[in-house]
There are 2 protein chains.
Amino acid sequence: MSDLVERLRGRGWRMTAQRRVVAEVLTGDHVHLTADEVLARATARLPEISRATVYNTLGELVSLGEVVEVTAHGRAKRYDPNAHRPHQHLVCSECGTIRDVHPGGDPLTDLPDSERFGYTVSEVEVTYRGHCPDCAGL
Amino acid sequence: MSDLVERLRGRGWRMTAQRRVVAEVLTGDHVHLTADEVLARATARLPEISRATVYNTLGELVSLGEVVEVTAHGRAKRYDPNAHRPHQHLVCSECGTIRDVHPGGDPLTDLPDSERFGYTVSEVEVTYRGHCPDCAGL
DNA sequence: TTACTTGCAAACCCTTTGCACCAGT
DNA sequence: ACTGGTGCAAAGGGTTTGCAAGTAA
């Protein structure tokens with residue numbers, strides 16, 4: 001039984017078989033599944049689960065801060081359950097595979113070999129997210 | 001006449017009215033247009049231009065390294081012609097508006113007030129892009 | 001001339017939605 | 001019982017594609 005399920009129950013999240021299965025599928029390190037992959041794995045355990053419910057649940061987990069969305073250019077979003085340990089992402093531009101990384105020094109210049117997982121690194125991108133002045137009050 | 005058009009011609013890129021218009025629309029600082037916006041502005045100058053051509057041309061400019069794609073979670077990609085001066089992005093999670101920023105110290109902790117454009121900043125995300133071992137030879 | 005580019009419309013992928021039914025608490 | 005979650009199927013936004021006709025070099 002996953003920590004995540006416990007935590008969510010503690011927060012008063014209404015627990016259902018579908019939500020439990022989605023939460024359980026999203027467990028572990030270096031887990032970065034697309035919604036489709038989550039659906040496939042969830043279906044293996046609970047055949048009646050629907051695509052809509054998977055999307056609903058993923059969206060809620062993201063809002064609750066339990067799961068992080070990772071966007072790779074032009075591909076389906078991936079969902080990363082490792083939201084409580086700060087880390088960054090290393091993305092393959094070819095196949096979209098993602099690894100979690102923990103850069104040591106200046107993220108713009110250093111990604112230690114030990115954190116490259118055999119990837120070549122050709123680009124580093126930093127994105128700050130927040131609210132612009134016009135949207136600040138919303 | 002834009003520098004970009006000159007540079008592309010110099011690289012042997014076959015020049016057409018459509019491509020010139022797209023390249024000219026993508027000129028300036030803090031320009032981060034969606035494909036749709038590029039189409040709208042291009043159409044204003046060249047009414048017969050098609051959506052497909054705009055997408056083709058944007059894709060080529062990205063491949064040529066003249067334009068950078070910026071992806072905001074769940075929104076249309078935006079195209080940034082400022083590919084030759086290194087910079088990072090500040091994205092409004094609400095409306096998707098983007099500003100170019102130049103962080104000073106450690107990107108993970110510091111975004112100077114002078115670089116915030118009145119935005120609040122709630123999240124910093126670093127993404128490394130490259131090829132995974134399986135895709136390295138492609 | 002000839003290979004490359006364009007326009008059109010349909011196809012595509014991923015995600016969201018409307019609504020009637022069902023189920024935790 | 002009440003509130004909120006689920007499944008289905010259809011719609012939606014953004015992007016890509018196949019192919020015939022057009023055009024830069």
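Note that this is a predicted model, so its numbers are computed, not measured. Quick note on labels: first sequence line is chain A, next is B, and so on, each numbered from 1. Only heavy atoms go into these numbers, but all of them, side chains included; no hydrogens, no water, no symmetry mates.
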I'd like to know whether CZ of A/Arg41 has more than 12 heavy-atom contacts from other residues, nucleotides or ligands below 6.0 angstrom.
no

Could you check whether B/Glu115 pairs with B/Arg99 (Lys NZ or Arg NE/NH1/NH2 to Asp/Glu carboxylate O, under 4.0 Å)?
no

To the nearest Å, give me how far apart NE2 (B/His73) and C1' (C/dT15) are.
15 Å

B/Arg19 atom CZ is separated from D/dA25 atom C1', nearest whole Å, by 13 Å

I need the single residue from A/His30, A/Gln88, A/His32 that forms a side-chain hydrogen bond (donor to acceptor under 3.5 Å, both in side chains) with A/Asp100. Which is it?
A/His32

Which comes earlier along DNA chain D counting from the 5' end, the contact point of A/Glu60 or that of B/Ala35, where each point is its nearest nucleotide?
A/Glu60

Looking only at the side chain of A/Thr57 (C-beta and beyond, no hydrogens), which of the listed nucleotides D/dT15, D/dT6, C/dG7 gets closest?
D/dT6

Taking only side-chain N and O atoms of A/Thr34, does any of them lie within less than 4.0 angstrom of OP1 or OP2 on C/dC14?
no

Separation of C/dC14 atom C1' from A/Tyr79 atom OH, nearest Å, is 9 Å

Restricting to non-hydrogen atoms, name the atom on B/Pro107 and the atom on B/Val124 that form the minimum distance, rounded to 0.1 Å.
O-CG1, 3.7 Å

Integer-rounded Å distance: D/dA21 C1' and B/Gln18 CD:
13 Å

Among D/dA9, D/dT6, D/dT15, the one nearest any side-chain atom of A/Thr53 is D/dT6

Is it true that B/Glu66 and B/Arg11 make a salt bridge, defined as a side-chain N closer than 4.0 Å to a carboxylate O?
yes

Between D/dT15 (C1') and B/Lys77 (NZ): distance, integer Å
7 Å

Separation of C/dT5 C1' from B/Tyr55 OH (nearest whole Å):
19 Å

Let me know, please, whether B/Asn56 or B/Trp13 comes out on the 5' side of the other along DNA chain D by nearest nucleotide.
B/Asn56

Picking from C/dG7, C/dC14, D/dG14, the nucleotide nearest the side-chain atoms of B/Ala52 would be C/dG7

Rounded to the nearest Å, what distance is computed from the CZ atom of residue B/Arg14 to the C1' atom of nucleotide C/dT6?
11 Å

Figure out the CD/P separation between A/Glu48 and D/dG5, and round it to whole Å.
19 Å

B/Arg75 near the nucleic acid: base, sugar-phosphate alone, or nothing, with a heavy-atom cut-off under 4.0 Å?
nothing

